[in-house]
Amino acid sequence: MKATAKAHTNIALIKYWGKRNESIILPTNNSLSLTLDGYFTTTTVEYNNSLSKDEFTLDGLAVSGESYKRVSAFLDLIRNMAGKQVYARVESVNDVPTAAGFASSASGFAALAAAGTKAIGLKLNDQELSRLTRQGSGSACRSIYGGFAEWEMGMREDGSDSYAVPIAPADYWDIRVAAVVLSSAQKSVSSRVGMRRTVETSPFFQGWLDSISKDLLEIKQGIQTQDFEKVGEIAEANCLKMHATTLGASPPFTYWHDTTLVVMQKIWEMRLQGTPVYFTIDAGPNVKVLYLPEYEEQVKQTLGSLPGVSDIRLSRPGQGITYL
Ligand code: 2P0
């Protein structure tokens with residue numbers, strides 16, 4: 001009744017931004033991501049009849065409040081699937097530096113789903129595991145797979161056709177991602193709240209949705225032909241469209257800080273000078289830079305020396321779920 005699993009986080013190149021069902025987490029659009037080897041969560045789940053409630057530690061510390069409730073509610077889903085009412089001890093260790101601005105919920109729920117189902121004796125295939133993981137955190141359903149993955153939004157109300165599928169494995173193409181960490185760490189609107197406000201109030205939201213299918217089609221062509229510039233251009237433009245929707249929300253908001261814009265402008269300048277680098281930004285101020293291995297030094301030097309940048313963390317394509 002015990003299992004350990006490791007999952008990596010992922011960076012969306014076509015963003016998930018909007019839910020059509022908040023309780024079972026169904027998105028309003030397909031999204032596409034690259035799993036990263038630099039950031040992961042390792043989770044052990046042990047079910048034990050002697051426990052009177054679930055226990056959850058993160059990096060050795062007992063977790064309570066909202067995070068505990070989310071984990072316990074997710075374990076309920078697993079228990080219902082297995083038809084077993086038994087509490088669990090969950091030990092998670094995060095190797096996702098909060099400062100880098102990657103959502104640890106992606107690797108966290110993917111590792112929890114994998115370890116939690118295995119420990120209780122469920123044998124799920126990747127599709128079933130991804131569908132379950134989605135209900136913990138949307139972006140986590142893409143972390144079941146290494147390399148490039150696409151979350152198919154599905155059409156059904158019950159979510160049975162909403163899960164991620166693999167597009168290309170981690171060793172298919174060595175695209176690198178640098179997280180440019182900014183020194184100012186202001187608290188921003190959470191992605192859940194930001195998404196909801198955008199869906200409910202932003203007049204730009206429909207435009208965002210209307211643009212997705214073309215972006216997806218073209219980025220998949222770019223991945224298939226390993227056309228870095230095409231992939232970078234589409235990812236960057238898709239990110240800018242997502243962030244534009246927040247400016248139209250009521251009340252309006254943005255995840256960008258002043259240094260976010262400084263980094264973006266430097267990247268545009270590097271491109272004008274012939275260096276193929278592109279950016280994407282999630283629900284926070286840090287900038288994630290896409291580049292090919294031969295430009296690693298240049299990316300580190302040029303962006304690392306900008307005022308307001310505190311660190312640069314580099315990552316390669318990562319693997320999907322592994323069991324330890
Ligand atoms: C993404 N983000 O595709 C997008 C881009 C943020 C910006 O998925 O509410 O933690 O748990 O489903 O997955 C962040 O939201 O949200 C996110 P929930 P999640 O990666």
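Both counts, for ligands and for their atoms, begin at 1 and track the order of listing. Each residue takes its place number in the sequence, starting with 1. Model, not experiment: these values are computed from the prediction.
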Top protein contact for atom 1 (C) of ligand 1, by heavy-atom distance: Arg142 NH2, 3.4 Å
Contact check: Ser31 vs ligand 1, nitrogen or oxygen atoms, below 3.5 angstrom: no
Greater than 12 external heavy atoms within 6.0 Å of Gln127's CD: yes
Ala12 neighbourhood, listing ligand 1 atoms whose heavy-atom distance to it stays under 4.0 Å: 1 (C), 3 (O), 20 (O)
NZ or CZ of Lys53 within 45° of Tyr87 ring axis and under 6.0 Å: no
N or O contact, Lys19 vs ligand 1, cut-off under 3.5 Å: yes
Aromatic contact, Trp268 with Phe279 (centres under 6.0 Å): yes
Short N or O distance, Asp282 and ligand 1, threshold 3.5 Å exclusive: no
Atoms in ligand 1 with a heavy atom of Ser105 nearer than 4.0 Å: 10 (O)
Tyr163 ring center within less than 6.0 Å of Trp151 ring center: no
Close approach of Glu22 to ligand 1, heavy atoms, under 4.0 angstrom: no
Minimum-distance pair of heavy atoms, taken over all atoms of Asn238 and Lys15: OD1-N, 2.9 Å
Contact check: Asn10 vs ligand 1, nitrogen or oxygen atoms, below 3.5 angstrom: no
Arg197 to Phe253 six-membered ring, cation-pi geometry met (6.0 Å, 45°): yes
Side chain, backbone, both or neither: Ser191 near ligand 1, heavy atoms under 4.0 Å: side chain
Ser162 versus Pro27, closest heavy-atom pair with distance: OG-CD, 3.6 Å
Atoms in ligand 1 flagged as close to Arg192, the criterion being non-hydrogen separation under 4.0 Å: 9 (O), 11 (O), 18 (P)
Contact with ligand 1 for Gln135, non-hydrogen, under 4.0 angstrom: no
Backbone or side-chain N or O of Ala283 under 3.5 Å from ligand 1 N or O: no
Centroid separation Phe228 to Tyr291 less than 6.0 Å: no
